[in-house]
Amino acid sequence: MKRADIAPFLTAISANNPTPQTELLYSTPFSLLVAVVLSAQTTDAAVNKVTPALFAEAPTPQTMAALGAARIGHHIRTIGLWQTKAKNVAALAQLLVERHNGVVPADREALEALPGVGRKTANVVLNEIFGQATMAVDTHIFRLGNRTGLAPGATVRAVEDGLVTRIPKSMLRPAHHWLILHGRYLCKARKPECWRCPGAQFCTFTPKTPAPDAL
DNA sequence: ATCCCGAGGG
DNA sequence: CCCTCTGGAT
């Protein structure tokens, strides 16, 4: 049984979902990696508030390792899960120095061996920094892939494989941002706003939620 | 109240 | 598979 093509869905939702410029805010592989680790279960706004001062004081793995978990914690104490993240970032920086000469590895196994880096974070780094054909499946994209029928799967890996297989390699990076924003602001877990969804005609979700009655 | 641009541990 | 860690958004 043939599945619907993802391309028209992506084209439809791309119109109202601009691509964020993470690469401009975090210009080095190390700063992007740390920023992504800090972003787990936390909004970008909260992370972006603490990272400037943190990276001003410790822009490299060497300086970050020297900073230590306690002072890293002081910098990031306003974001969620900050105690765990401070510990992880300190250990992560230390491991980068010890094992990888202070260079962020372009290798999945090496990345996932770093504390605070799971599959989703590794996929973001591999895609954003090294241009590899990966799709970082978070809860939004997992839900959207299943709900729309465009990339159904019982596990994160199944959805990930479906998306990577069906989306052209050159489109994976913008598609990642469009799908996440679409899932967060429109195809929401609670009240998906199908009546204003530009991709509704390519989606198998039923029943599509109707527009609330006009006032 | 509930969920999340998760990961680690049991 | 389950749970916990946490602040913020809705």
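Labels below follow one simple rule: chain letters A, B, ... track the order of the sequence lines, proteins then strands, and each chain is numbered from 1. Excluded from the calculations below are hydrogen atoms, water molecules and symmetry mates; all remaining heavy atoms, backbone and side chain alike, are included.
- Within the 4.0 angstrom heavy-atom criterion, no nucleotide atom of any strand lies near A46(A).
- Distance alone, capped at 3.5 Å, is enough to place a donor-acceptor pair between the R143(A) side chain and the C187(A) backbone.
- When the P atom of dT2(B) is taken as reference, atom NZ of K191(A) falls 15 Å away, rounded to whole Å.
- With a cutoff of under 4.0 Å to any heavy atom of chain A, the contacted region of DNA chain C is bounded 5' to 3' by dC5(C) to dG8(C).
- Taking atom CZ on R184(A) and atom C1' on dC3(B), their separation rounds to 11 Å, with Å as the unit.
- Atom C1' of nucleotide dC3(B) and atom CG of D138(A) are separated by 13 Å, given to the nearest angstrom.
- Straight-line distance from the CG atom of L181(A) to the C1' atom of dC4(B): 15 Å, rounded to whole Å.
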**Q.** Trace of the side chain to side chain contact (heavy atoms under 4.5 Å, CB included) decision for Y185(A) with I180(A)
**A.** CA-CA 9 Å; Y185(A) 296 111; I180(A) 267 189; over 6 Å; no
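- In this structure a side-chain-to-backbone donor-acceptor pair under 3.5 Å is present from K85(A) to L38(A).
- With the nearest nucleotide of DNA chain C identified for both K188(A) and Q83(A), Q83(A) has the one nearer the 5' end.
- The P atoms of dG6(B) and dT10(C) are separated by 15 Å, rounded to the nearest whole Å.
- Atom CG of L111(A) and atom P of dG8(B) are 12 Å apart (whole Å).
- Residue contacts for I180(A): at a heavy-atom cut-off of 4.0 Å it reaches a base atom on one of the strands shown.
- A donor-acceptor pair shorter than 3.5 Å can be found between the side chains of N123(A) and E160(A).
- Judged by distance alone, the side chains of S39(A) and T42(A) never bring a donor and an acceptor atom under 3.5 Å apart.
- Taking atom CG of residue L38(A) and atom C1' of nucleotide dA7(B), one finds them 13 Å apart after rounding to whole Å.
- Looking at heavy-atom distances under 4.0 Å, L179(A) makes no contact with the nucleic acid at all.
- The phosphate of dC4(B) (OP1 or OP2) has a side-chain N or O of R143(A) nearer than 4.0 angstrom.
- Comparing dA7(B), dT2(B), dC4(B) against the side chain of Q41(A) picks out dC4(B) as the nearest.
- Summarising the geometry, the separation between CZ on F142(A) and C1' on dC4(B) is reported as 15 Å, rounded to the nearest angstrom.
- Between the side chains of T11(A) and S14(A), no donor N or O sits under 3.5 Å from an acceptor N or O.
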**Q.** Stepwise side chain to side chain contact (heavy atoms under 4.5 Å, CB included) test for F202(A) and T148(A)
**A.** CA-CA 8 Å; F202(A) 310 109; T148(A) 60; over 6 Å; no
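- Looking at heavy-atom distances under 4.0 Å, V37(A) makes no contact with the nucleic acid at all.
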